[in-house]
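All chains are named by letter (A, B, ...) in the order of the sequence lines, taking the proteins before the strands, and each is independently numbered beginning at 1.
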Number of protein chains: 2
Amino acid sequence: MPSTELNEIKANFIQGLSQISQFWGLPKSMGAIFAVLYLSPNALSLDEIVEETTFTKGAISTSVRTLARMGLVHRQTKLGDRKDYYFAEDDFYKVIRSILKGRENSEFSRAIDSVGATLENLQASPNQERGAEDWVFAENRVIEMKSFFDNLDNLVHVIAALETMNQNTVQKVIRLLKK
Amino acid sequence: MPSTELNEIKANFIQGLSQISQFWGLPKSMGAIFAVLYLSPNALSLDEIVEETTFTKGAISTSVRTLARMGLVHRQTKLGDRKDYYFAEDDFYKVIRSILKGRENSEFSRAIDSVGATLENLQASPNQERGAEDWVFAENRVIEMKSFFDNLDNLVHVIAALETMNQNTVQKVIRLLKK
DNA sequence: TACTATATTTAGTTATAACTAAACACACAA
DNA sequence: TTGTGTGTTTAGTTATAACTAAATATAGTA
């Protein structure tokens, strides 16, 4: 039976990660689940997670799968045991890269593509209109924005493709930027 | 009277930015407002923005101020004219830095601080408990997480403090990472 | 001072997404 | 097969946040 005080400290931590989760527009439950797993020395089953949080099995089931898709937790199955066990990924840099990789398929990149589509629309239009002040202005603006997104996209690809990424990687970038 | 086709293209663009906005957990209206201003050669009044979007004045009023706080749009007042006019910031790198700067005061950093607080709680606890397996494990985990956050925090500060940031800055980082 | 054009705030509504409780599906065991 | 322990899905509920319409505040003008 664990000490009450540790449980209190854990509860604070759980709440903290829940808020962070919420800040990023994710369900609070996801932060809570990750916090529980992150502090647990051994992998936990769905029901164990339910016990440690204020959520029901259904909510945990869906949230924990989302976490797994993002690479924040991993599923583990034990031989001769029907339960699934989950544990937290503790390499956060790996998580970042995993999320950036998944970004390709996402709703986000489809939205980004729409900027490219806008540019094509503008450029494919009949010539007589093209001279108008508004058209020229809009076209230049959209070109600028696309260039920005493309640049960021490059960066994301490079990060996602890194063999390794760690504290040191960030330090190097910081040193570069400070120059 | 502008051509219908330009308006159609604009409408698509507006919808695209609305989706991006939504993806980041922000109101769709913010994306729409920014899109309208971004494509407009001249600054627009509240009422003009209302005309170009599907939202009411109240909604635009609050959203446009949020955008201004984030540095994505700017307010302009003309002498002898009571209206406020808004125009889009077109230097997206400036926007990034402006957002990172604002981050300090935010709910987010308060949540991050809670990780530090958890660590202090763990370390300030009575010694007799400290040896327990769970405590040691939790303490190490929280130390790791705090170190990760501190590292990111450094990066954010450096970026926010840059005198200039542009495509070239990103290129340099990409080159560094590719090595 | 009162009037007018504007922006902001507010109270109430609507839309959305998280969550619950319970039914369901599945795999394994007897 | 049936029964049992598990994870998943679903229909309905609740909580939250965006939005609307209208009232209010504000700043400039006569």
Side-chain angles (χ1 to χ4, degrees), chain A residues 14-15 17-37 43-70 73-87 106-108 111, chain B residues 14-15 17-37 43-70 73-87 106-108 111:
Chain A
I14 291 169
Q15 206 202 314
L17 291 209
S18 296
Q19 281 176 241
I20 291 175
S21 178
Q22 185 168 255
F23 179 86
W24 290 104
L26 304 170
K28 276 185 292 186
S29 59
M30 283 181 42
I33 294 168
F34 182 82
V36 165
L37 295 177
L44 300 181
S45 69
L46 260 197
D47 286 313
E48 286 169 324
I49 300 173
V50 171
E51 270 179 43
E52 302 265 354
T53 61
T54 62
F55 301 97
T56 58
K57 216 172 173 179
I60 302 287
S61 173
T62 56
S63 282
V64 87
R65 264 178 298 150
T66 308
L67 283 169
R69 252 185 283 118
M70 297 198 305
V73 308
H74 303 288
R75 187 188 304 226
Q76 200 180 46
T77 52
K78 295 182 187 172
L79 249 78
D81 185 342
R82 293 187 210 146
K83 293 180 202 164
D84 295 341
Y85 293 87
Y86 294 91
F87 63 97
S106 76
E107 207 57 26
F108 178 61
Chain B
I14 291 169
Q15 206 200 316
L17 291 209
S18 297
Q19 280 176 242
I20 292 176
S21 178
Q22 185 167 249
F23 180 86
W24 290 104
L26 304 171
K28 275 185 291 186
S29 58
M30 283 179 45
I33 294 169
F34 182 83
V36 165
L37 294 178
L44 300 181
S45 68
L46 262 196
D47 286 314
E48 285 169 324
I49 300 173
V50 171
E51 270 180 43
E52 302 265 354
T53 62
T54 63
F55 301 96
T56 58
K57 214 172 176 181
I60 303 286
S61 173
T62 58
S63 282
V64 87
R65 265 177 298 150
T66 308
L67 284 169
R69 253 186 282 117
M70 299 199 304
V73 308
H74 303 287
R75 184 189 304 226
Q76 201 180 46
T77 53
K78 297 182 186 170
L79 249 77
D81 185 343
R82 299 187 207 145
K83 293 182 205 165
D84 294 341
Y85 292 87
Y86 295 90
F87 63 98
S106 77
E107 208 56 26
F108 179 60

Can you give me the N/O atom pairs linking the protein to nucleotides 23-27 of chain D at distances under 3.5 Å, or say none if there are none?
none

Practice problem: Can you figure out which of dT20(D), dA7(C), dT20(C) approaches the side chain of Asp47(B) most closely? | Solution: dA7(C)
Practice problem: May I ask you to say what Thr54(A) touches in the nucleic acid, namely base, sugar-phosphate or nothing, with a heavy-atom cut-off under 4.0 Å? | Solution: sugar-phosphate
For residues 22-31 of chain A, please give each side-chain donor-acceptor pair under 3.5 Å, one per line with the distance, not counting sequence neighbours.
unit_1   : atom_1 : unit_2   : atom_2 : d
Ser29(A) : OG     : Ser63(A) : OG     : 2.9

Quiz item: With a 4.5 Å heavy-atom cut-off, do Asp84(A) and Thr77(A) have their side chains touching?
Solution: yes
Quiz item: Out of dA18(D), dT20(D), dA21(C), which nucleotide sits closest to the side chain of Pro27(B)?
Solution: dA18(D)
Quiz item: OP1, OP2 of dC19(C) versus side-chain N and O of Ser29(A): anything below 4.0 Å?
Solution: yes
Quiz item: To the nearest angstrom, how far is Lys57(B) atom NZ from dT6(C) atom P?
Solution: 7 Å
Quiz item: Across the strands shown, which category fits Ser45(B) at heavy-atom distances under 4.0 angstrom: base, sugar-phosphate, nothing?
Solution: nothing
Exercise. Report the distance from atom NZ of Lys28(A) to atom C1' of dT20(C), rounded to the nearest whole Å.
Key: 15 Å
Quiz item: In whole angstroms, how far is the C1' atom of dA17(D) from the CD atom of Gln22(A)?
Solution: 11 Å
Quiz item: Asp81(A) or Ala59(A): which one's nearest nucleotide on DNA chain D is closer to the 5' end?
Solution: Asp81(A)
Quiz item: Can any side-chain N or O of Ser21(A) pair as donor or acceptor with the backbone N or O of Leu17(A) at less than 3.5 Å?
Solution: no
Quiz prompt | Nucleotide nearest Thr56(A) (side chain, heavy atoms from C-beta), chosen from dT8(D), dT20(C), dT6(C) | solution = dT20(C)
Quiz item: Are Ile33(B) and Leu67(B) side-chain neighbours, meaning at least one heavy-atom pair lies under 4.5 Å?
Solution: yes
Self-check item: Nearest-angstrom distance from the residue atom CD1 of Ile60(B) to P of dA22(D)
Solution: 18 Å
Self-check item: Interatomic distance, Leu46(A) CG vs dT6(D) P [rounded to whole Å]
Solution: 10 Å
Quiz item: If only side-chain N and O atoms of Ser61(B) are considered, is one of them under 4.0 Å from the OP1 or OP2 phosphate oxygen of dT8(C)?
Solution: yes
Quiz item: How far does CD1 of Ile20(A) sit from CZ of Phe34(A), to the nearest 0.5 angstrom?
Solution: 10.5 Å
Practice problem: For Ile49(B) and dT6(C), give me the distance from atom CD1 to atom P, rounded to whole Å. | Solution: 14 Å
Quiz item: What is the distance from CD of Gln76(A) to C1' of dG7(D), rounded to the nearest Å?
Solution: 17 Å
Practice problem: Figure out the CG/P separation between Leu44(A) and dG7(D), and round it to whole Å. | Solution: 12 Å
Exercise. Keeping the roles fixed (side chain from Glu52(A), backbone from Ile49(A)), state whether a donor-acceptor pair exists under 3.5 Å.
Key: no
Quiz item: Is there a side-chain contact between Tyr86(B) and Val73(B), using heavy atoms and a 4.5 Å cut-off?
Solution: yes
